[in-house]
Amino acid sequence: MKVLIAIAWPYVNGDLHVGHLAGYLLPADIFARFQRLLGRDVLMVSGSDCYGTPITVQADKERVTPSEIVEKYHKLDLALFRQYALSYNLYTKTATANHKEIAQELFLELLKNGVIKKGVMQQYYSVEDKKFFPDRYVEGMCPHCKAKDQRSDQCEACGRWLEDGELINPASKLTGSKVVLKDTEHYFLSFKSVGKELEEFVTARKDEWKKWVWAETQGWLKEGLRDRAITRDLDWGIDLPIEEIKKFPKEKQLEDFEGKKIYVWLEAVMGYLSGAIEWSRRVSGDIKDDISEVIFNKYEKQSRSWRDFWLNKKAEHYYFMGQDNLVFHTLLWPAMLIGSKRGYTLPKNVVVNKFMNYEGKKFSKSRNWTIDSKKIAEIYGVDPVRYYMASNLPENKEANFTWDSFISSVNNELVGNLGNFIHRVLTFVEKNFRSEVPEGELSNEVRFEIRDTLSDSGELIQKVRLVEGLSRIMKFVAFANRYFDKEAVWKVVKDDRKKAGEILYNCLQIIQALSVLLYPYMPDSSIRLANMLQIPEAKVETGKNNWRYREIKPGHKIGKIEVIYKKLDPEEVEANKSKLGTKVS
RNA sequence: CGCGGGGUGGAGCAGUGGUAGCUCGCUAGGCUCAUAACCUGGAGGUCAUCGGUUCGAAUCCGAUCCCCGCAACCA
């Protein structure tokens with residue numbers, strides 16, 4: 001089966017903190033790894049979102065060009081994703097020739113099909129500078145509380161919302177010149193022609209999507225979708241394909257194309273398609289350049305063609321994003337796919353997560369209330385961080401990163417339960433059985449537990465209930481510890497060596513199962529377990545189900561024992577906070 | 001009345017009419033191969049507030065308070 005894992009494209013303005021990872025990046029990776037172990041042909045694509053005002057704002061702040069911002073942060077993001085072992089098949093960016101080509105082409109198709117229409121709206125215009133300014137770049141006085149330097153949408157001083165044109169003495173933040181609201185022509189995405197199909201699409205996803213995601217999407221539909229502007233007056237963005245548009249009938253053309261770009265939200269979601277195409281082109285050697293600028297992976301026996309993923313009714317598409325992206329993925333992108341009339345595969349599940357907060361407050365770099373994702377993994381290890389996030393994903397409500405729970409999670413669950421079980425079994429085998437797997441066979445109790453854990457947790461992960469999936473696996477670890485205690489192998493070994501051997505044989509099989517079960521959540525631990533046991537790593541083989549237990553044969557020699565997880569000292573953790581970007585009072 | 005979600009022991013949550021539960025934490029004791037797991041017992045909740053329906057309400061109805069997300073040119 002073909003599975004497309006489409007992950008929201010993060011803005012490259014240097015903001016990827018722990019909340020981004022826990023919100024959508026890590027969940028997508030866990031899900032993708034699981035799908036691959038099942039033997040499915042998985043294409044996991046995403047990339048840096050290079051256009052839009054957040055990029056130009058950051059560029060202004062750092063006094064460099066937008067493309068320098070893109071280059072700088074794209075590299076940092078790539079390094080971060082490699083560090084966290086996010087298993088993208090392709091992580092690219094929207095500032096590629098390929099993306100521009102696909103985005104423009106899809107734009108034209110939508111224009112041809114009448115899904116894109118032209119219309120008039122009002123924007124702030126500076127006569128002096130002879131250009132329009134985005135709202136982000138306009139400031140003035142609040143008409144209610146008279147506070148100065150307020151944005152035109154909402155006054156931060158009194159919290160009131162402003163209507164268009166209410167702002168007093170609006171001026172450009174960049175040049176200081178006066179601006180006035182002026183009519184300007186733009187293209188709009190219109191839902192009229194796709195509305196019925198769109199509603200059918202949503203209705204059919206009722207059982208698939210999370211309840212609140214579905215309910216919220218219904219809320220949008222109930223309210224009625226308004227046409228949305230999809231062009232902007234900007235310097236930084238993807239050009240309208242003007243030459244091509246000029247071949248269209250007059251009524252589809254704007255009077256003035258000057259300075260108009262495709263609005264970032266429209267072309268960014270097209271990245272799911274263009275990314276798949278780029279991957280395909282790279283696999284077949286059509287694109288060879290800048291391999292250092294991307295994460296690029298291909299598994300054996302994977303299909304080379306993007307068409308198998310995008311023009312295939314049986315392909316399953318899963319999208320991962322934060323809640324701020326909901327409507328773009330449950331409605332707007334599907335509307336475009338439907339409107340293209342090309343038979344592109346529609347989303348199966350749109351996995352929307354809430355946000356992860358930090359000790360009860362929003363992450364905020366400017367307020368020194370953040371955790372540097374790179375450093376936290378350097379200090380505490382990638383897997384402990386992945387584990388903690390995975391057990392606290394904001395799947396249905398906001399989650400919280402707290403140091404207390406991080407410490408107890410690592411010390412009690414990873415070290416005390418998981419690490420301890422592995423360690424006590426392996427040291428026992430080393431001391432009493434010269435590191436050889438003793439003779440034995442699986443007891444029914446253990447066999448059923450392994451079987452049930454694989455199927456239960458697998459089912460939960462398939463439903464993208466990742467927190468529960470992990471907790472089911474940890475229940476298995478608790479079972480393992482209980483089993484070891486109940487059988488009291490340290491007593492039995494004194495007068496019944498054969499029986500002790502059988503118990504340990506069972507324990508070692510449990511560890512083998514764990515090396516598979518942990519692969520989606522903690523890939524590095526999975527590999528280290530396999531290395532310790534000197535057994536093959538959990539392996540991705542397209543077309544073959546490796547989400548299963550494999551016997552370690554009696555007589556097999558296990559390798560050197562290492563401590564996988566280390567206990568955290570609360571005092572050291574406290575001392576490290578400031579290194580991670582957190583203001584310590 | 002813009003849309004949507006939420007308020008249950010210290011923390012995270014389950015519980016949609018019938019004696020208030022789970023996991024973690026805390027605590028006393030036992031056991032001890034181990035990075036201290038496991039076993040037995042214990043403490044801890046006026047289920048946001050007020051009112052109503054009912055023999056009976058965490059659960060249904062009404063009102064109120066509080067928290068969060070989305071929307072309005074901010075993916």
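Side chains included, hydrogens not; waters and symmetry mates left out as well; all remaining heavy atoms used.
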K.L.:
Does a sphere of radius 6.0 Å around NZ in Lys566(A) hold more than 12 heavy atoms from other residues, nucleotides or ligands, not counting ones at 6.0 Å or beyond?
P.N.:
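12 or below, so no.
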K.L.:
If I pick the P atom on G52(B) and the same atom on A14(B), what distance separates them, to the nearest angstrom?
P.N.:
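Here A14(B) and G52(B) have their P atoms 30 Å from each other.
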K.L.:
I'd like to know if Arg472(A) pairs up with Glu468(A) as an ion pair, taking the criterion as any Lys NZ or Arg NE/NH1/NH2 lying under 4.0 Å from an Asp or Glu carboxylate oxygen.
P.N.:
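So Arg472(A) does not pair with Glu468(A) through a salt bridge.
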K.L.:
From the options G69(B), C33(B), A72(B), select the nucleotide whose nearest atom is closest to the side chain of Arg424(A).
P.N.:
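That would be C33(B).
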K.L.:
Under 4.0 Å between a side-chain N or O of Tyr388(A) and OP1 or OP2 of G12(B)?
P.N.:
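For Tyr388(A), the contact criterion (side-chain N or O under 4.0 Å from OP1 or OP2 of G12(B)) is not met.
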K.L.:
Report the nucleotide, chosen from C70(B), C38(B), A34(B), that has the shortest atom-to-atom distance to any side-chain atom of Thr427(A).
P.N.:
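Among C70(B), C38(B), A34(B), the one nearest the side chain of Thr427(A) is A34(B).
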K.L.:
Counting the atoms with a prime plus P, OP1 and OP2 as sugar-phosphate, which does Phe421(A) contact under 4.0 Å by heavy atoms, base, sugar-phosphate, or nothing?
P.N.:
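It contacts nothing in the nucleic acid.
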K.L.:
Is there a donor and acceptor pair, one atom on the side chain of Gln123(A) and one on the base of C73(B), closer than 3.5 Å?
P.N.:
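Indeed, a donor on one side and an acceptor on the other fall under 3.5 Å apart.
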K.L.:
When both hydrogen-bonding distances must be under 3.5 Å and the geometry is Watson-Crick or G-U wobble, what is A58(B) paired with, if anything?
P.N.:
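Partner of A58(B): none.
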K.L.:
What's Asp404(A) touching, base or sugar-phosphate or nothing? Going by heavy atoms closer than 4.0 Å.
P.N.:
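Counting heavy atoms under 4.0 Å across all strands, no contact is made by Asp404(A).
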K.L.:
Check whether any side-chain nitrogen or oxygen of Arg226(A) sits under 4.0 Å from OP1 or OP2 of C3(B), and answer yes or no.
P.N.:
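Checking Arg226(A) against C3(B): no side-chain N or O falls below 4.0 Å of OP1 or OP2.
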K.L.:
Could you state the atom-to-atom distance from CD of Glu398(A) to C1' of C67(B) in whole Å?
P.N.:
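So the two atoms are 9 Å apart, to the nearest Å.
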K.L.:
Nearest to the side chain of Asp485(A), which nucleotide is it out of A37(B), C70(B), G25(B)?
P.N.:
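Taking heavy atoms from C-beta onward, the closest nucleotide is A37(B).
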K.L.:
Pick base, sugar-phosphate or nothing for Trp220(A), based on heavy-atom distances below 4.0 Å to the nucleic acid.
P.N.:
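Here Trp220(A) touches the backbone only, sparing every base.
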K.L.:
Assign each of Gly52(A) and His423(A) to its nearest nucleotide of RNA chain B by heavy atoms, then name whichever residue's nucleotide is nearer the 5' end.
P.N.:
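Closest to the 5' end, via its nearest nucleotide, is His423(A).
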K.L.:
Return the 5'-most residue of the pair Asn400(A), Ala478(A) with respect to RNA chain B, ranking by each residue's nearest nucleotide.
P.N.:
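In this pair, the answer is Asn400(A).
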K.L.:
What I want to find out is whether Asp235(A) reaches Lys131(A) closely enough, with some N-O distance under 4.0 Å, to be called a salt bridge.
P.N.:
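Looking at Asp235(A) and Lys131(A), the cut-off is met.
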K.L.:
So, do Trp490(A) and C33(B) meet the stacking rule of ring centres under 5.5 Å and planes under 30°?
P.N.:
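Yes, the aromatic ring of Trp490(A) stacks with the base.
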K.L.:
Under 4.0 angstrom, heavy atoms only, what part of the nucleic acid is Asn411(A) near: base, sugar-phosphate, or nothing?
P.N.:
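Nothing, no heavy atom under 4.0 Å.
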K.L.:
Does U35(B) have a Watson-Crick or wobble mate here (both distances under 3.5 Å), and if so which one?
P.N.:
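Partner of U35(B): none.
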K.L.:
Scan side-chain atoms only and decide if Ser48(A) and His74(A) contain a donor-acceptor pair under the 3.5 Å cut-off.
P.N.:
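There is such a pair between these side chains.
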K.L.:
Quick one: label Val264(A) by what it contacts on the DNA or RNA (base, sugar-phosphate, nothing), any heavy atom closer than 4.0 Å.
P.N.:
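Touches a base.
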K.L.:
Roughly how many Å is it from CE in Met474(A) to P in U23(B), rounded to a whole number?
P.N.:
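Going from Met474(A) (CE) to U23(B) (P), I get 15 Å.
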K.L.:
With Arg497(A) as the cation and Phe433(A) as the aromatic partner, state whether NZ or CZ is under 6.0 Å from the six-membered ring centre and within 45° of the axis.
P.N.:
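Arg497(A) over Phe433(A) ring: yes.
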K.L.:
Provide, to the nearest angstrom, the distance between the NZ atom belonging to Lys361(A) and the P atom belonging to C67(B).
P.N.:
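So the NZ-P distance, Lys361(A) to C67(B), works out to 16 Å.
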K.L.:
Among C33(B), G4(B), C13(B), find the nucleotide with the atom closest to the side chain of Lys397(A).
P.N.:
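Given the options C33(B), G4(B), C13(B), the side chain of Lys397(A) is closest to C13(B).
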K.L.:
Once you round it to whole Å, what is the distance between C1' of A11(B) and CD of Glu413(A)?
P.N.:
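It works out to 13 Å between those atoms.
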K.L.:
Just checking Leu426(A): base, sugar-phosphate only, or nothing, at a heavy-atom cut-off of under 4.0 Å?
P.N.:
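No contact at all - Leu426(A) keeps every heavy atom at 4.0 Å or more from the nucleic acid.
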K.L.:
If the test is side chain to side chain contact (heavy atoms under 4.5 Å, CB included), which one of Val351(A), Leu326(A), Ile7(A), Val350(A) qualifies with Met321(A)?
P.N.:
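Answer after filtering Val351(A), Leu326(A), Ile7(A), Val350(A): Val350(A).
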K.L.:
From the list G4(B), C13(B), U35(B), which nucleotide is the closest neighbour of the side chain of Lys354(A)?
P.N.:
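For the Lys354(A) side chain, the nearest candidate turns out to be G4(B).
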K.L.:
Verify the distance criterion only: is there a donor paired with an acceptor across the side chains of Lys475(A) and Ser457(A) at less than 3.5 Å?
P.N.:
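Lys475(A) vs Ser457(A): no donor-acceptor pair found between side chains.
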K.L.:
If I pick the P atom on G4(B) and the same atom on G41(B), what distance separates them, to the nearest angstrom?
P.N.:
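Nearest-Å result for G41(B) against G4(B) at atom P: 47 Å.
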K.L.:
According to the Watson-Crick and G-U wobble definitions, with both distances under 3.5 Å, which nucleotide is paired to G69(B)?
P.N.:
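The answer is C3(B), by the H-bond criterion.
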K.L.:
Quick one: which of Val115(A), Leu189(A), Leu273(A), Leu106(A) gives a side chain to side chain contact (heavy atoms under 4.5 Å, CB included) with Met336(A)?
P.N.:
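Testing Met336(A) for a side chain to side chain contact (heavy atoms under 4.5 Å, CB included) against Val115(A), Leu189(A), Leu273(A), Leu106(A) leaves exactly one candidate, Leu189(A).
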K.L.:
For the C1' atoms, the ones on C31(B) and on A43(B), what distance do you get once it is rounded to whole angstrom?
P.N.:
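Pairwise C1' distance, C31(B) against A43(B), rounds to 23 Å.
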K.L.:
Do Tyr521(A) and Ser391(A) have a side chain donor and acceptor closer than 3.5 Å?
P.N.:
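Ser391(A) and Tyr521(A) do not have a side-chain donor-acceptor pair below 3.5 Å.
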K.L.:
Between atom CG in Leu332(A) and atom P in C70(B), what is the gap in whole Å?
P.N.:
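About 16 Å, once rounded to whole Å.
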K.L.:
Is G10(B) paired to anything, Watson-Crick or G-U wobble with both distances less than 3.5 Å, and if yes, which nucleotide?
P.N.:
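Base-paired to C24(B).
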K.L.:
Quick one: list whatever passes salt bridge (charged side-chain N to carboxylate O under 4.0 Å, His left out) with Asp227(A), sequence neighbours left out.
P.N.:
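Per chain and number, Asp227(A) pairs via salt bridge (charged side-chain N to carboxylate O under 4.0 Å, His left out) with no residue.
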K.L.:
Please work out if Val489(A) contacts a base, only the sugar-phosphate, or nothing of the nucleic acid, heavy-atom cut-off 4.0 Å.
P.N.:
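Since no nucleic acid heavy atom lies under 4.0 Å of Val489(A), the category is nothing.
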K.L.:
Just to be sure I understand the rule, does Gly416(A) reach a base, reach only the sugar-phosphate, or reach nothing, if contact means heavy atoms closer than 4.0 Å?
P.N.:
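Result for Gly416(A) = sugar-phosphate.
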K.L.:
What nucleic acid atoms does Lys222(A) come within less than 4.0 Å of, heavy atoms only: base, sugar-phosphate, or nothing?
P.N.:
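Answer is sugar-phosphate: Lys222(A) comes under 4.0 Å of backbone atoms only.
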K.L.:
Under the 3.5 Å rule, do the base of A37(B) and the side chain of Asn420(A) count as making a donor-acceptor pair?
P.N.:
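For Asn420(A), whose side chain was compared with the base of A37(B), there is no donor-acceptor pair (under 3.5 Å).
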K.L.:
Among the nucleotides C73(B), C33(B), A37(B), which one has an atom lying closest to any side-chain atom of Phe428(A)?
P.N.:
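Looking only at heavy atoms from C-beta outward on Phe428(A), the closest nucleotide is C33(B).
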K.L.:
Tell which nucleotide pairs with U19(B), taking only Watson-Crick or G-U wobble pairs whose two distances are both under 3.5 angstrom.
P.N.:
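None - no nucleotide pairs with U19(B), as no candidate has both distances under 3.5 Å.
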K.L.:
Measuring only the P atom in each nucleotide, how far is C47(B) from C68(B)? A whole number of Å is fine.
P.N.:
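It comes out at 24 Å once rounded to the nearest Å.
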K.L.:
The side chain of Ala215(A) is closest to which nucleotide in this list: G6(B), G4(B), C70(B)?
P.N.:
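Output: G4(B).
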K.L.:
Would you say a side-chain N or O of Asn432(A) is under 4.0 Å from OP1 or OP2 of C33(B)?
P.N.:
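It does not, given that no N or O in the side chain of Asn432(A) lies less than 4.0 Å from OP1 or OP2 of C33(B).
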K.L.:
Write down the distance between CD (Glu487(A)) and C1' (C33(B)), rounded to a whole number of angstrom.
P.N.:
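Whole-Å distance recorded here is 14 Å.
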K.L.:
For the pair made of CG in Leu508(A) and P in C33(B), what is the distance, rounded to whole Å?
P.N.:
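So the two atoms are 19 Å apart, to the nearest Å.
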K.L.:
Report each atom pair, protein N/O against N/O of nucleotides 39-45 of chain B, whose distance is under 3.5 angstrom.
P.N.:
none

K.L.:
Whom does A48(B) pair with, Watson-Crick or G-U wobble, provided both distances fall under 3.5 Å?
P.N.:
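Looking at the geometry, A48(B) pairs with U64(B).
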K.L.:
Tell me if the centroids of the rings in Trp220(A) and Phe328(A) come within less than 6.0 Å of each other.
P.N.:
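Trp220(A) vs Phe328(A): aromatic centres not under 6.0 Å.
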K.L.:
If I take atom CD in residue Gln323(A) and atom C1' in nucleotide G69(B), what distance separates them, rounded to the nearest angstrom?
P.N.:
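Checked: the CD to C1' distance equals 5 Å.
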K.L.:
Identify the nucleotide, in any strand shown, that forms a Watson-Crick or G-U wobble pair with A43(B), with both distances under 3.5 Å; if there is none, say none.
P.N.:
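In the structure as shown, A43(B) has no Watson-Crick or wobble partner.
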